[in-house]
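Every value quoted in this text rests on a predicted model; they were computed, and no experiment measured them.
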Amino acid sequence: MEIVGRVPSETGHAPPAPPPPAGYEGTWRFTAPALDSSVPQARHAVRELLAHQRVPVHDELMASLLLIVSELVTNAVRHAALLSPEIAVEVSLSRDWVRIAVEDNHPYRPVALMADQGGTGGRGLLLVTAITEEAGGVYDVDHTASGGKVVWAALPLPGAATSPPPSR
């Protein structure tokens, strides 16, 4: 659809123009093998992307985003590698939100488990959920057309409107 002009409202005034898109808006996707070495590589790639695009993230938000990336990629590597030798990491940026998604070909939806006190693992999704909720964000899992899944978290950027984050 091409917009060729604005139509005046009933009161004779044109509706306010939407703000121009922020220079950092867009979606970036990269793939990696489902190996432990992909976890720090994914963190580095996301950090570099956000810096390169000049996304307005403060240190605490950056730390939260990178922890989410680590946990989601780690889960894909540990639990989906058998059926998904490659994973995809997607970063979607809008004026108000940053969305981190990790896709694999494993069909089962991950479940946040309460780990026992002596356990050293099993808290990743609980951590992702807590970080996301504390930041006022959204966390979910979507199934893909190919039978896999996308696990994602969206966090609001500083000064974000209260509208929900963009969905996939």
Side-chain angles (χ1 to χ4, degrees), residues 22-94 96-158 165-168:
Y24 53 80
E25 290 184 77
T27 299
W28 293 263
R29 182 180 174 91
F30 60 91
T31 59
L35 301 171
D36 289 336
S37 60
S38 295
V39 177
Q41 291 172 354
R43 284 175 57 95
H44 179 75
V46 170
R47 182 186 307 111
E48 291 299 312
L49 172 67
L50 296 175
H52 183 263
Q53 293 303 121
R54 294 188 171 104
V55 181
V57 295
H58 49 74
D59 290 344
E60 184 179 336
L61 179 57
M62 179 67 83
S64 294
L65 291 167
L66 295 178
L67 186 54
I68 288 170
V69 169
S70 291
E71 293 299 333
L72 296 183
V73 172
T74 297
N75 279 352
V77 167
R78 287 190 181 158
H79 303 293
L82 185 61
L83 296 177
S84 187
E86 187 173 81
I87 60 170
V89 177
E90 186 174 279
V91 179
S92 298
L93 302 168
S94 71
D96 297 323
W97 293 87
V98 58
R99 181 181 183 269
I100 305 290
V102 176
E103 181 177 338
D104 63 56
N105 292 323
H106 199 288
Y108 297 116
R109 182 181 179 102
V111 176
L113 301 173
M114 296 299 287
D116 62 54
Q117 295 294 348
T120 58
R123 295 178 184 91
L125 291 179
L126 289 174
L127 189 57
V128 169
T129 302
I131 290 169
T132 303
E133 287 176 356
E134 184 177 311
V138 181
Y139 160 84
D140 205 355
V141 180
D142 298 323
H143 291 284
T144 64
S146 63
K149 66 181 170 303
V150 177
V151 183
W152 61 270
L155 301 184
L157 291 171
S167 61
R168 185 162 201 245

Tell me whether [X] contacts the main-chain N or O of [Y] through its side chain, where contact means a donor paired with an acceptor under 3.5 Å.
{"X": "Ser84", "Y": "Ala80", "answer": "no"}
{"X": "Arg29", "Y": "Glu90", "answer": "no"}
{"X": "Ser38", "Y": "Ala34", "answer": "no"}
{"X": "Lys149", "Y": "His106", "answer": "yes"}

Might you point out which heavy atoms bring [X] and [Y] nearest each other, and give the distance in Å?
{"X": "Pro158", "Y": "Pro56", "result": "CD-O, 3.0 Å"}
{"X": "Trp97", "Y": "Ala154", "result": "CZ3-O, 3.6 Å"}
{"X": "Val69", "Y": "Arg43", "result": "CG1-N, 3.9 Å"}

Between atom [atom1] of [X] and atom [atom2] of [Y], what is the distance when rounded to the nearest 0.5 Å?
{"X": "Asp36", "Y": "Thr74", "atom1": "CG", "atom2": "OG1", "value": "7.5 Å"}
{"X": "Ile68", "Y": "Ile131", "atom1": "CD1", "atom2": "CD1", "value": "5.5 Å"}
{"X": "Glu25", "Y": "Ser94", "atom1": "CD", "atom2": "OG", "value": "6.0 Å"}
{"X": "His44", "Y": "Leu66", "atom1": "NE2", "atom2": "CG", "value": "11.0 Å"}
{"X": "Leu61", "Y": "Leu157", "atom1": "CG", "atom2": "CG", "value": "6.5 Å"}
{"X": "Leu83", "Y": "Asp104", "atom1": "CG", "atom2": "CG", "value": "8.5 Å"}

**Request:** Could you walk me through whether Trp28 and Leu93 pass the side-chain contact (heavy atoms from CB on, under 4.5 Å) test, one step at a time?
**Result:** CA-CA 9 Å; Trp28 293 263; Leu93 302 168; 3.4 Å; yes
If we only count heavy atoms from C-beta on, is the [X] to [Y] side-chain gap below 4.5 Å?
{"X": "Val39", "Y": "Ser70", "value": "yes"}
{"X": "Val98", "Y": "Leu50", "value": "yes"}
{"X": "Glu86", "Y": "Pro33", "value": "no"}
{"X": "Leu155", "Y": "Thr132", "value": "yes"}

**Message:** Under the criterion side-chain contact (heavy atoms from CB on, under 4.5 Å), I'd like the reasoning laid out for Leu125 against Leu72: C-alpha separation, chi angles, the key distance, then a yes or no.
**Reply:** CA-CA 8 Å; Leu125 291 179; Leu72 296 183; 4.1 Å; yes
**Message:** Taking CZ in Phe30 as the centre, count heavy atoms belonging to other residues, nucleotides or ligands within less than 6.0 Å. Is the count above 12?
**Reply:** yes
**Asked** So with a 6.0 Å cut-off around NE2 of His58, is the heavy-atom count from everything else above 12?
**Response** yes
**Message:** Could you go through Val77 and Leu35, starting from their C-alpha distance and side-chain angles, then the distance that decides it, and tell me whether this counts as side-chain contact (heavy atoms from CB on, under 4.5 Å)?
**Reply:** CA-CA 6 Å; Val77 167; Leu35 301 171; 5.5 Å; no
**Message:** Between Trp152 and Ile100, does the side-chain contact (heavy atoms from CB on, under 4.5 Å) criterion hold? Intermediate values first, please.
**Reply:** CA-CA 6 Å; Trp152 61 270; Ile100 305 290; over 6 Å; no
